[in-house]
Amino acid sequence: MNGAARLAGRRSRPQHRSGTTSGWSLTALIMLPCGSSCTERDAQNTEGASARVGQTVYRRFVQWSRDRVWARLRRVILDELGTRGELDWSRCAIDSVSLRAAKGGPLTGPNPTDRGKLGSKIHLVCDRNGLPLSLGVSGANVHDSQGLEPLVRGIPPIRSRRGPRRRKPAKLHADKGYDYDHLRRWLRERGIRHRIAREGIESSQRLGRHRWMVGRTVSWLGGCRRLHRRYERKAEHLLAFVGIAATLNGHRRLNTLLTA
């Protein structure tokens, strides 16, 4: 048997192509860790993936989180929704949700609503339709009121259908956890009207007529696999997954508009 025949009879090893990894990485990072609607077949495919692909997925995630790729991607989605007039700035709402931290790490603390177990808290501001505009992460023992100013400052300048970019809501709704005079004064100084429930005076049920949309978004975030419980030791990784989930929320809304 000559050399050519011997080579032809050998089984060729499958070659790894780097071009096929990026698409799989994006699917595994976004759809599976954060998507609450992923199928069991998707999960089985992820478990059966090679260790090499798994390492690439984690390496890309760390690199893209460091480069703030997820924040830029969310800005693109928000700009597109703003250009189409789908962001309602007339009544925004602020709220938070706590989750247990399985492995500890920075930005964790004893959760007073979970028998003092270690946890983190996700803060967010949503527009009238429940689309997240600003996100933040803190320890579970941080009071909600401490997140109002950084969240409002953190709203990025978003394109609008007409006129300049916008980054301030016309009115902000909040529950009794934000019932402080200095927060009302801070909002008035920035031209933002406030509707904050007052402790011992107003009922939270009436305010819920306008805050239900942020409650729906908080409930949806809690249903995401990666946000139901914190598994990341690094706080920037948790914030990245929160940003991915918010991007998915905006992308679903945008996809509904494009396919209608």
Side-chain angles (χ1 to χ4, degrees), residues 87-101 106-156 158 166-224 227-230 235 238-239 241-243 245-246 249-250:
L87 294 180
D88 192 342
W89 297 85
S90 61
R91 292 181 185 270
C92 293
I94 184 173
D95 207 345
S96 66
V97 57
S98 298
L99 64 158
R100 187 177 298 182
L107 296 184
T108 60
N111 189 351
T113 63
D114 192 18
R115 296 175 295 177
K117 295 186 179 297
L118 206 62
S120 297
K121 183 179 290 187
I122 300 173
H123 307 259
L124 69 159
V125 172
C126 296
D127 77 330
R128 192 169 187 173
N129 299 320
L131 294 172
L133 301 175
S134 182
L135 304 167
V137 175
S138 70
N141 57 337
V142 175
H143 199 272
D144 290 349
S145 61
Q146 299 183 22
L148 187 145
E149 293 185 17
L151 279 180
V152 174
R153 289 196 191 100
I155 299 177
I158 302 173
R166 185 165 183 175
R167 61 181 308 171
K168 290 196 307 182
K171 194 173 187 179
L172 185 66
H173 289 258
D175 59 20
K176 297 177 182 179
Y178 304 87
D179 181 22
Y180 292 93
D181 292 336
H182 72 276
L183 294 180
R184 292 186 174 90
R185 184 167 54 253
W186 186 85
L187 291 172
R188 285 196 300 267
E189 291 173 354
R190 282 150 184 80
I192 302 175
R193 292 181 297 164
H194 55 78
R195 182 67 173 88
I196 303 175
R198 291 174 290 180
E199 187 71 29
I201 299 179
E202 296 176 281
S203 172
S204 299
Q205 297 179 355
R206 182 179 180 182
L207 194 62
R209 293 187 304 173
H210 302 292
R211 285 196 304 107
W212 67 268
M213 66 283 190
V214 68
R216 180 186 62 183
T217 304
V218 165
S219 177
W220 180 83
L221 288 176
C224 296
L227 301 181
H228 179 70
R229 180 172 295 186
R230 174 178 172 175
L238 173 62
L239 184 60
F241 278 121
V242 175
N249 190 11

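Positions are given from 1, in the same order as the sequence printed here.
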Less than 4.0 angstrom from a charged side-chain N to a carboxylate O is my criterion; do D127 and R91 meet it? no
Test side-chain contact (heavy atoms from CB on, under 4.5 Å) on N141 and N111; report intermediate values, then the result. CA-CA 5 Å; N141 57 337; N111 189 351; over 6 Å; no
Rounded to the nearest 0.5 angstrom, the CZ-SG distance for R193 and C92 is 11.5 Å
Worked check of side-chain contact (heavy atoms from CB on, under 4.5 Å) between R230 and L238: CA-CA 7 Å; R230 174 178 172 175; L238 173 62; 3.6 Å; yes
Side-chain donor or acceptor of S96 paired with backbone N/O of I122 under 3.5 Å: no
Above 12 or not: heavy atoms from other molecules or residues under 6.0 Å from CZ of R190? yes
Out of L148, L187, L183, which one pairs with H194 under the side-chain contact (heavy atoms from CB on, under 4.5 Å) rule? L187
Shortest non-hydrogen contact from V125 to L151? CG2-CB, 3.8 Å
Gap separating the OG atom of S134 from the CZ atom of R153, nearest 0.5 angstrom: 11.5 Å
How far apart are the closest heavy atoms of L239 and V137, and which atoms are they? CD1-CG2, 3.7 Å
Donor-acceptor contact below 3.5 Å, side chain N129 vs main chain L131: no
Backbone of I196 reached by a side-chain donor or acceptor of R184 within 3.5 Å: yes
I would like to know whether L124 and T217 meet side-chain contact (heavy atoms from CB on, under 4.5 Å); could you show each step before the answer? CA-CA 9 Å; L124 69 159; T217 304; 3.8 Å; yes
Side chains of I155 and W89: closer than 4.5 Å at any heavy-atom pair? yes
Ignoring hydrogens and geometry, is there a side-chain-to-backbone donor-acceptor pair from R166 to K168 under 3.5 Å? yes
Euclidean distance, S120 OG relative to L227 CG, rounded to 0.5 Å: 11.0 Å
Value for CZ (R198) from CG (D181), rounded to nearest 0.5 Å, stands at 10.5 Å
To the nearest 0.5 angstrom, please state how far the CG atom of L87 sits from the SG atom of C126. 11.0 Å
Indicate the atoms forming the closest heavy-atom contact of G109 with A140, along with that distance. O-CB, 3.7 Å
Between atom CG of D175 and atom CZ of R195, what is the distance when rounded to the nearest 0.5 Å? 12.0 Å
Run through W186, Y180, Y178 and flag the one making a ring-ring contact (aromatic ring centres under 6.0 Å, His included) with H182. Y180
Considering only NZ, NE, NH1 and NH2 on the basic side and carboxylate oxygens on the acidic side, decide whether D114 and K117 come within less than 4.0 Å. no
Where do D144 and H123 land on the side-chain contact (heavy atoms from CB on, under 4.5 Å) test, with the steps shown first? CA-CA 8 Å; D144 290 349; H123 307 259; 4.2 Å; yes
